[in-house]
Amino acid sequence: MSLLIVSLDNTILNVALPSIQHELHASVSGMQWTIDAYTLVLASLLMLAGSTADRLGRRRVFLVGLVVFAVGSLLCSLAPGLGWLVVFRMVQAVGGSMLNPVAMSIITNTFTEPRERARAIGVWGGVVGISMAAGPVVGGLLVQTVGWRSIFWINVPIGALAIFLTLRYVPESRAPRPRRVDPVGQLLVITLLGSLTYAIIEAPDAGWTSPQILVFVVAALGSLAGLLFYERRREEPLIDLRFFHSAPFSGATVVAVCAFAALAGFLFINTLYLQNIRGLSALDAGLYMLPMAGMTLIFAPVSGRLVGSRGPRPSLLAAGTAMTASGVLFAAFGAQSANPLLFTGYVLFGIGFGLVNAPITNTAVSGMPRAQAGVAAAVASTSRQVGQSLGVAVIGAVLASGAHAHATTDAFLAAARPAWWIIAGCGAAVLLLGAVTTGRWARETARRTAALFDDGPRGQDTADARP
């Protein structure tokens, strides 16, 4: 249910963007910030939330996250202007950062047998499909009948029910040796993600060579260098760089960035195209997106079972192929020109995205110390949110450079073509990494990484799972 409200919030918001733009007089960059203010704060705090849950108790932190997310949703519905909406989205994100990585840590510590865990993760990931299927339709119906503010109301009763179920059924758990807080690392992560995203979103208006943008680019590069230098020398870092000695883990991290960047860009382009260019209502636009959402709903649990029985390789290869084919269909063959092609592109993307989630999560937690499950899962979740932030920032910047949101059909399609090639490239990266990081060599690097944790100060009981 925590994953449902977080995922539902994103899909519903995308359908509501044109209505928010009209009522609050937002530009394309304003709409980007409505999404990225949330994903940036979420990405910045996920690893802190994971380690905090390992220390203070996963159930306790999870409950706090549910309360903050529900309150933030209620505040979003009352926002008097775009600035306030962005601020309240950040409040939502603070709560959201305590949900998904902590929920995954709870699952990891509950299902210790590898095949059971893979199937549980597949079912858990299938909720993304449910939210994608329900979000556009429910969001479109709410926007069309009540108004865009109502899309945030739905999180409140679901959050309340999740709180009750957590109090009733979820046991408390903690890590035997939780890590210390790393305030310097946390500050560097926030500076890196915030500076990079700001530069990408604002560059089309300010100019890539403007002093304002160059300052933020330098800040992002400096933060990245500082993060790599500082974290290597810290005994208990915010980001344990030893995780990345594992090729499957590193591959899963990059795959998550690419897959969720493609998803965010896909939803952003299609929302603007269907409502602003085709002139569809919010509800009709949501119904148009059902083929993609339905395929995600069907293939997410299928992928979980496939990962449990065959490992992550088949799912990743099929996901990368389908997502690449979808992007190429729009970029090279103008899939928007005819509904059969449009729906074929939607179906292919839904299949690809449905298949990619379970292998990302399973690979990220495989072979890692169970005592640090919150942090390991948070790295995968952070990669997803970083991908979504970059997807909206990059795709929005490409669109803003070529055409405004209310451009003519020809101008919009011309501006969107490079964006579709970027999405196709993300799919190709998933395919390539799926092939490279799931073979015998990759499994050997995962075993060596597990040995590093066994020997190190944080090496507690290592979770045996198919890498």
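Quantities reported herein were computed from a predicted structural model and do not represent experimental measurements.
Nearest heavy-atom pair, Leu341 versus Leu329, reported as atom, atom and distance to 0.1 Å: O-CD2, 3.6 Å. Nearest heavy-atom pair across Cys426 and Ala262 is CB-CB, 3.9 Å. The two residues Val61 and Val102 make their nearest non-hydrogen contact at CG1-CG2, 4.2 Å. Ala103 approaches Ser2 most closely through the heavy-atom pair CB-OG, 3.9 Å. Of all heavy-atom pairs between Val430 and Cys258, the closest is CG2-CB, 4.1 Å. Across Gly265 and Ile423, no two heavy atoms sit closer than the pair C-CD1, 3.9 Å.
Taking CG of Asp36 as the start and CE of Met90 as the end, the distance is 11.5 Å to the nearest 0.5 Å. Distance check: Ser315 OG to Ile360 CD1 gives 10.5 Å after rounding to the nearest 0.5 Å. A distance of 7.0 Å separates CD1 of Ile106 from OG1 of Thr166, quoted to the nearest 0.5 Å. A distance of 10.5 Å separates CG of Leu74 from CD of Gln92, quoted to the nearest 0.5 Å. Leu4 CG to Asn155 CG: the interatomic distance, rounded to the nearest 0.5 Å, is 8.5 Å. Interatomic distance, Ile5 CD1 to Ile154 CD1, rounded to the nearest 0.5 Å: 10.5 Å.
Taking the side chain as every heavy atom from C-beta outward, Ile200 and Leu390 approach each other to under 4.5 Å. In this structure, the side chains of Met289 and Leu274 come closer than 4.5 Å at one or more pairs of heavy atoms. Using a 4.5 Å heavy-atom threshold, the side chains of Phe62 and Val170 count as separate. Side-chain contact between Thr191 and Leu227 is absent, with no heavy atoms from C-beta onward closer than 4.5 Å. Met292 places none of its side-chain heavy atoms less than 4.5 Å from the side chain of Leu297. Trp148 places none of its side-chain heavy atoms less than 4.5 Å from the side chain of Leu142. Looking only at side-chain heavy atoms (C-beta outward), Met1 and Leu161 come within less than 4.5 Å of each other. Side-chain atoms of Val94 and Phe69, non-hydrogen and from C-beta on, never get closer than 4.5 Å to each other.
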Test Leu342 against Arg278 for side-chain contact (heavy atoms from CB on, under 4.5 Å), laying out the working first.
-> CA-CA 13 Å; Leu342 184 76; Arg278 281 208 175 187; 4.2 Å; yes
Just do the side-chain contact (heavy atoms from CB on, under 4.5 Å) check on Phe412 and Leu272 with the steps written out, would you?
-> CA-CA 9 Å; Phe412 185 90; Leu272 298 181; 4.0 Å; yes
Candidate pair Leu263 and Phe260, rule side-chain contact (heavy atoms from CB on, under 4.5 Å), full reasoning = CA-CA 5 Å; Leu263 172 68; Phe260 278 78; 4.3 Å; yes
Walk me through it: do Trp420 and Phe266 pass the test ring-ring contact (aromatic ring centres under 6.0 Å, His included)?
-> CA-CA 8 Å; Trp420 282 115; Phe266 185 96; 5.6 Å; yes
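Side chain of Ser337 to backbone of Gly334: a donor-acceptor contact under 3.5 angstrom is found. Judged by distance alone, with hydrogens and angles left aside, the side-chain atoms of Ser326 form a donor-acceptor pair with the main-chain N or O of Gly345 at under 3.5 Å. Without hydrogens or angle criteria, Gln186 side chain to Ser44 main chain gives a donor-acceptor distance under 3.5 Å. Between the side chain of Ser73 and the backbone N or O of Trp153 there is no donor-acceptor pair closer than 3.5 Å. Formation of a donor-acceptor pair under 3.5 Å by the Ser250 side chain with backbone atoms of Phe244 is found in this model. At distances below 3.5 Å, at least one donor-acceptor pair connects side-chain atoms of Arg89 with backbone N or O atoms of Thr34. Between the side chain of Thr437 and the main chain of Pro248, no donor-acceptor pair closer than 3.5 Å is present. A donor-acceptor pair is defined here as one N or O able to donate and one able to accept, closer than 3.5 Å; such a pair exists between the side chain of Arg149 and the backbone of Ala79. Without hydrogens or angle criteria, Ser97 side chain to Ala49 main chain gives no donor-acceptor distance under 3.5 Å. A donor-acceptor pair is defined here as one N or O able to donate and one able to accept, closer than 3.5 Å; such a pair exists between the side chain of Ser150 and the backbone of Gly147.
Side-chain contact of Gln388 with Thr39: a donor-acceptor pair under 3.5 Å is absent, judged by distance alone. A donor and an acceptor atom, one from each side chain of Thr197 and Ser389, are nowhere located under 3.5 Å apart. A donor-acceptor pair shorter than 3.5 Å can be found between the side chains of Glu202 and Trp33. Side chain to side chain, Tyr346 and Asn270 meet the donor-acceptor criterion of an N or O pair below 3.5 Å. Looking at Arg313 and Thr438, their side chains do bring a donor and an acceptor atom within 3.5 Å of each other. Gln275 and Tyr288 are not linked by any side-chain donor-acceptor pair at a separation below 3.5 angstrom, with hydrogens and angles left out of the test.
Residues passing the ring-ring contact (aromatic ring centres under 6.0 Å, His included) test with Phe164, sequence neighbours excluded: none. Residues that satisfy the ring-ring contact (aromatic ring centres under 6.0 Å, His included) test with Trp84, not counting sequence neighbours, are Phe88.
Using bins of under 30°, 30° to 60° and over 60° for the plane-to-plane angle, the ring pair Phe349/Phe353 lands in the parallel bin.
With Ile151 as the partner, the side chain to side chain contact (heavy atoms under 4.5 Å, CB included) test is satisfied by one option alone out of Leu13, Val138, Val15: Leu13.
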